[in-house]
2 protein chains.
Amino acid sequence: MRADAKKNYELLLGIAREVVAEHGADASLRDIARRAEVGLGTLYRHFPTRDALFEALLRGGFDALGKEAVALATAESAADALVAWLRQIVAMAHAWRGVIAVMVAAIDAPDSALHASCVAMKAAGTRLLVRAQAEGTARSDIDGADLFALVGAMAWLGDQPALAPRADHLFSVIAGALLTSTSAT
Amino acid sequence: MRADAKKNYELLLGIAREVVAEHGADASLRDIARRAEVGLGTLYRHFPTRDALFEALLRGGFDALGKEAVALATAESAADALVAWLRQIVAMAHAWRGVIAVMVAAIDAPDSALHASCVAMKAAGTRLLVRAQAEGTARSDIDGADLFALVGAMAWLGDQPALAPRADHLFSVIAGALLTSTSAT
DNA sequence: ACCTGAACACCGTTCAAGT
DNA sequence: ACCTGAACACCGTTCAAGT
């Protein structure tokens, strides 16, 4: 990548971070280009699609969550590990208002720039779930797809201003429902 | 209301029903007016806001759910009544893709045309919940606001094509989490 | 190689002008 | 009273023209 291109790329990413923090996942791409004082075509050249932009914005978070899942895979309590990881992925989605809907759509769209990351997150969650199930502390009538869907639902709750105050409490309720009663958290 | 106005009102409502069924809650109002072969201003005259249009579209459903809640208030099992009603309100939201987010926003917006109906739905759910709690079959650390939020989350799940196949199963999981273990459904 | 911004096809919302 | 549609201020996306 040419030096000036690289500069624009980084600049756009920084401004996008700000604008998305302000306006959520459906922020205006035009606005981002405008604030970055860059042609609209430049934004499209670097991020040909909205998903591509989010992939770049979230890459760091995805990496961290992936590593965290690996670390938690050997934790003493598989149930606690699962819940701790769920809490983190919900928090990340919550940090990017509205992005959860984009992620959920991407999991069914192989061509989305977010597809691989979302599949990886789903797989990581599945591994933690399966381990807790093997341990006997997570209910067995749930699979990775269910878990991914519940993460979506919990993140969505946090995205709605009217519901956000309940999000933490409802996280406990839902997380509790995933665990078998002997190890309720 | 003048006869021609009334005709336009009904016409718009019918077309809106179709268009919203096709495109969900963020359907184009312009498109509705166009398909109804009516000036865009006419649509705005009858439905000054998107919420006003949805209020008109959903009024029948809200009425039915309200009556159903009254009927269920004397059902033998308060727990079953609660779950049955939850299933119905989630189904109604599901029938109008995307409308749940509008409803959730309206509950915090006293000026929304949907506000009263949403408050009524929340209150109806709360009554069924309280009765089940009194009966000892619903957990006591949940209130009406939590219930409304969970309805939102469950309806949202059904709205996402990638998650919809899991919506029924997850409804059971979440509904089960609301009940005390002695009466798991 | 990369950047720019006009062009196109859409929105939601308002409001002067018509009947 | 009611209807119409142009006008305005926005979008996302593409692409010819520039450097």
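Naming: A, B, ... by sequence-line order, numbering from 1 per chain. Just so it is clear, the model here is predicted, and its values are computed rather than measured.
- Across dA7(C), dT4(D), dG5(D), the shortest atom-to-atom separation from the side chain of V38(B) is found for dT4(D).
- In this structure, H46(A) reaches the dC3(C) phosphate: one of its side-chain N or O atoms is under 4.0 Å from OP1 or OP2.
- One interatomic measurement links the two molecules: NZ of K6(B) to C1' of dA1(D), which rounds to 16 Å at whole-angstrom precision.
- L11(B) places its CG atom 16 Å from the P atom of dC2(D), with the value rounded to the nearest Å.
- For the pair E76(B) and E135(B), the tightest heavy-atom approach, listed with the atom from each and the gap, is O-OE2, 3.7 Å.
- The side chain of A5(B) lies closest to dC2(D) when the candidates are dC11(D), dC2(D), dG12(D).
- Counting to the nearest Å, the P atom of dC2(C) and the CE atom of M1(A) are 8 Å from each other.
- Rounded to an integer number of Å, the gap from L12(B) CG to dC2(D) P is 14 Å.
- Backbone-only contact: L29(B) has heavy atoms under 4.0 Å from sugar-phosphate atoms and none from a base.
- Across all strands, A27(A) comes closer than 4.0 Å only to sugar-phosphate atoms, never to a base (heavy-atom distances).
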So F47(B) and Y9(B), ring pair (Phe, Tyr, Trp, His ring centres under 6.0 Å) or not? Walk me through it.
CA-CA 9 Å; F47(B) 309 104; Y9(B) 179 90; 5.1 Å; yes
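- Here dC2(C) is the nucleotide among dC2(C), dT4(D), dC11(C) with the atom lying nearest to any side-chain atom of R2(A).
- Follow the hydrophobic side-chain contacts under 4.5 Å out from L129(B) and you reach V173(B) in the same cluster.
- Rounded to an integer number of Å, the gap from R30(A) CZ to dT14(D) C1' is 11 Å.
- You'll find that the side chain of N8(A) is closest to dC3(C), out of dC3(C), dC3(D), dT4(D).
- Distances shorter than 4.0 Å separate some side-chain N or O of R45(A) from OP1 or OP2 on dC2(C).
- One finds a side-chain N or O of R34(A) lying less than 4.0 angstrom from the OP1 or OP2 phosphate oxygen of dC11(D).
- Stretches of at least 3 consecutive Watson-Crick or G-U wobble pairs, with each checked distance under 3.5 Å, appear in DNA chain C as C:4-8 with D:12-16, C:12-16 with D:4-8.
- Remark: side-chain polar atoms of W85(B) are paired, donor with acceptor, to backbone N or O of L65(B) under 3.5 angstrom.
- Residues T42(A) and N8(A) bring no donor and acceptor atom of their side chains to less than 3.5 Å of each other.
- Salt bridge K67(A)/D63(A): absent, no basic N to carboxylate O contact under 4.0 Å.
- The side chain of D4(B) lies closest to dC3(D), out of dT13(C), dC3(D), dC3(C).
- For the pair S28(A) and dC10(D), the criterion of a side-chain N or O lying under 4.0 Å from OP1 or OP2 is not met.
- Residue whose closest nucleotide on DNA chain D sits further toward the 5' end, between R50(A) and E37(B): E37(B).
- Here the side chain of R50(B) pairs a donor or acceptor atom with the backbone of A25(B) at under 3.5 angstrom.
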